[in-house]
Asks: 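Here it is: the structure, laid out below.
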Amino acid sequence: MPRPLATTGGKMPPPRPTWPSFLGSRAALAAVDAAIQTHGGSAFVYETDVATLWPMIRILQIAPINNESVLSYISERVLGLPRS
């Protein structure tokens, strides 16, 4: 098993963003939004029950890691932009 401090010259490697969580939350929110748009008013009735998925999917954008934190990591560490 490689030692992270030995391979990075004594520095701790930077934390990696959770790409699956980030991309999954964006895709899930787009899918629920498309389903609500497709079903229209029927998305809010008990039989289809699409509208109850929206709050659960919305939580994925802020937990366990905020999507804005992932984007901030990309801008600072990958693109080299200053902290905002």
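Just the heavy atoms: all of them, side chains too, but no hydrogens, waters or symmetry mates, feed the values below. Heads up: numbering here begins at 1 and tracks the sequence.
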Asks: Please give me the minimum heavy-atom distance between P55 and A51, naming the atom from each residue.
Replies: CD-O, 3.4 Å
Asks: Same cluster or not: V50 versus L60, using hydrophobic residues (I, L, V, M, F, W, Y) connected whenever any side-chain heavy atoms lie under 4.5 Å apart?
Replies: yes
Asks: Test side chain to side chain donor-acceptor pair (under 3.5 Å) on E68 and S72 and set out the steps.
Replies: CA-CA 6 Å; E68 299 304 318; S72 176; over 6 Å; no
Asks: Could you check whether any side-chain heavy atom of I62 comes within less than 4.5 Å of a side-chain heavy atom of R58, counting everything from C-beta outward?
Replies: yes
Asks: Can you list, pair by pair, the side-chain donor-acceptor contacts under 3.5 Å of residues 22-45, counting residues two or more places apart and other chains?
Replies:
from	atom 1	to	atom 2	distance (Å)
S25	OG	S21	O	3.1
S25	OG	F22	O	2.9
S25	OG	N67	ND2	3.0
T38	OG1	A34	O	2.7

